[in-house]
Number of protein chains: 2
Amino acid sequence: MDIIIVDDDALVSSSLKTIIESSDDCRVLATAGSGEEAVELYEANQPDILLMDIRMGQMSGLEAAEQILKTHPKAKILFLTTFADDEYIIRALKIGAKGYLLKQHYHSIIPALNAVYSGQNVFGEEITTKLPSVMSTNSNKKDFRDFGILDKEFEIISLVSKGLSNKEIAGELFLSEGTVRNYISVILEKLSLRDRTQLAIFYFNHLSDNKF
Amino acid sequence: MDIIIVDDDALVSSSLKTIIESSDDCRVLATAGSGEEAVELYEANQPDILLMDIRMGQMSGLEAAEQILKTHPKAKILFLTTFADDEYIIRALKIGAKGYLLKQHYHSIIPALNAVYSGQNVFGEEITTKLPSVMSTNSNKKDFRDFGILDKEFEIISLVSKGLSNKEIAGELFLSEGTVRNYISVILEKLSLRDRTQLAIFYFNHLSDNKF
DNA sequence: AACTTAATATGACAATTGTCATATTCAATT
DNA sequence: AATTGAATATGACAATTGTCATATTAAGTT
């Protein structure tokens with residue numbers, strides 16, 4: 001299958017090229033260094049797959065993709081980036097990209113290309129867990145520890161996230177209401193949040209311990 | 001890589017087996033015909049990938065997956081079905097499945113398996129186009145309508161669930177702060193909730209726990 | 001024109017919430 | 001015994017929130 005690689009870092013695109021051409025049935029038709037160039041090269045070469053970085057100079061990969069898909073709705077565009085950014089995922093999906101990989105996993109690039117070529121959509125491991133409204137099954141307060149959240153604080157967070165008021169939480173944990181308020185105050189500070197509602201939302205976005 | 005196939009239709013699983021074993025690096029360790037059997041076989045064989053139908057006799061593929069992932073969080077489970085149903089997508093993602101394919105595409109099964117094996121998540125063509133809508137706020141409207149929630153109210157709910165204050169919501173929707181308060185008051189009444197935090201929780205619960 | 005309805009707004013009010021500075025208690029450490 | 005440091009508490013305060021009763025306005029409808 002024919003592939004075009006787009007990345008503003010020439011080192012990246014050339015090593016990608018090496019990796020990809022190590023597979024018999026992959027050919028790299030060209031490499032581009034910008035979104036504008038990507039559009040041109042796509043027109044000229046009509047590759048099976050366009051493998052493109054998202055963050056680039058002036059025209060982002062997303063914009064380039066949008067433009068290409070406008071004239072070639074069947075184009076298979078696969079994004080490749082270092083970060084798993086929620087905004088990007090959603091936008092990439094909306095635009096109609098065939099997937100979104102992380103650069104780190106170079107050994108999984110070839111299988112991903114094949115899957116896309118055969119009509120599938122492919123997403124890097126970390127992606128699925130980040131989809132809004134979708135939470136991974138493995139619960140962990142490790143995430144919270146990363147923010148310096150203590151066990152007791154975590155307990156309070158999970159009660160807030162069940163919808164309890166301060167008074168109710170106090171009753172539940174045999175603390176005074178004021179103490180609970182203090183805890184929450186500290187928690188919000190640590191997580192740079194403003195109020196208990198944002199806290200609950202944060203909890204739901206980071207955890208899946210949810211049984212109500 | 002080692003694979004176990006689960007489908008209550010023996011014809012399907014045997015033809016899948018044939019397809020998969022046509023690839024040199026795939027071995028089918030076993031085939032199961034029910035969710036219960038799938039759990040047992042997984043325990044016994046620890047395959048690299050479990051390829052499983054969603055709709056089956058009494059224990060659905062989703063339930064079986066949930067159970068397996070409880071004890072084997074790293075299990076790679078790939079669903080395979082005839083329908084692209086929103087509910088299923090959400091549920092499968094939430095559980096932690098590695099993907100979701102459509103039975104129609106025989107030729108793309110092997111590439112998909114390879115991609116999953118190498119750590120990617122794979123979704124059939126039709127899936128991705130649905131994902132954005134599934135993730136977007138629109139998808140839940142229906143659920144909320146069941147509670148008599150109007151469009152305008154839903155808009156406010158989703159802003160509350162993003163962590164905005166009344167003032168911010170007012171700014172966003174060009175309403176007065178008081179009006180927003182009134183709206184929320186009505187919403188809480190309709191959903192029998194007490195405050196905005198419970199509302200956000202309710203919202204998130206309906207996103208992720210969307211019906212079994 | 002008169003009537004009705006939906007959407008929006010206001011003001012008053014109490015309750016809850018979050019912040020902060022300052023205790024108190026108790027256990028561990030020196 | 002004295003000191004330290006956590007966990008917990010208190011009170012004062014402002015801001016936010018939720019409730020409610022009551023306008024106002026614009027858009028239909030009769």
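Chain identifiers are assigned alphabetically (A, B, ...) following the order of the sequence lines, protein sequences preceding nucleic acid strands; residue numbering begins at 1 within each chain. What's counted below: heavy atoms across the whole structure, side chains too, no hydrogens, waters or symmetry copies.
- Distances shown here put a side-chain N or O of Lys152(B) below 4.0 Å from the OP1 or OP2 atom of dT8(C).
- One atom, CG of Leu150(A), and another, C1' of dT8(D), lie 14 Å apart when rounded to the nearest Å.
- Going from atom CG of Leu193(A) over to atom C1' of dT19(C) covers 16 Å, rounded to whole Å.
- One atom, CG of Leu188(A), and another, P of dA15(D), lie 18 Å apart when rounded to the nearest Å.
- Between the side chain of Asp195(A) and the base of dT17(D), no donor-acceptor pair under 3.5 Å is found.
- Residue Ile184(A) contributes atom CD1, which lies 14 Å from atom C1' of dT16(D) at whole-angstrom precision.
- Regarding Asn182(A), its CG atom lies at a distance of 14 Å from the P atom of dT22(C), rounded to whole Å.
- Between Met52(A) and Ala38(A) the shortest heavy-atom distance is SD-CB, 4.1 Å.
- When the side-chain nitrogen and oxygen atoms of Asn166(A) are compared with OP1 and OP2 of dT16(C), none of them lie within a distance under 4.0 Å.
- By the 30° and 60° cut-offs, the orientation of the rings of Phe154(B) relative to Tyr203(B) is tilted.
- In this structure, the CZ atom of Arg196(A) is 5 Å from the P atom of dT17(C), given to the nearest Å.
- Evaluated for a side chain to side chain contact (heavy atoms under 4.5 Å, CB included) with Arg196(B), the options Leu164(B), Ile156(B), Asn166(B) yield exactly one hit, Asn166(B).
- Spacing between atom CD1 of Ile169(A) and atom C1' of dT8(D) amounts to 16 Å, rounded to whole angstrom units.
- With dT17(D), dA9(C), dA9(D) as the choices, the nucleotide that has an atom nearest any side-chain atom of Arg181(B) turns out to be dT17(D).
- Between Ser165(A) and dT16(C) there is no side-chain polar atom (N or O) within less than 4.0 angstrom of OP1 or OP2.
- Checking the phosphate oxygens (OP1, OP2) of dA9(D), no side-chain nitrogen or oxygen of Tyr183(A) falls inside 4.0 Å.
- More than 12 non-hydrogen atoms from other residues, nucleotides or ligands lie less than 6.0 angstrom from NZ of Lys190(A).
- Here dT8(C) is the nucleotide among dT17(D), dT19(C), dT8(C) with the atom lying nearest to any side-chain atom of Leu175(B).
- In this entry the distance linking NZ of Lys167(A) with P of dT17(D) reads 19 Å, nearest Å.
- Each of Glu189(A) and Glu177(B) was matched to the nucleotide of DNA chain C holding its nearest heavy atom; the match closer to the 5' end belongs to Glu177(B).
- A donor-acceptor contact closer than 3.5 angstrom is absent between the side chains of Ser161(B) and Ser158(B).
- At dA9(C), one or more side-chain N or O atoms of Ser176(B) fall inside 4.0 Å of OP1 or OP2 (strictly under the cut-off).
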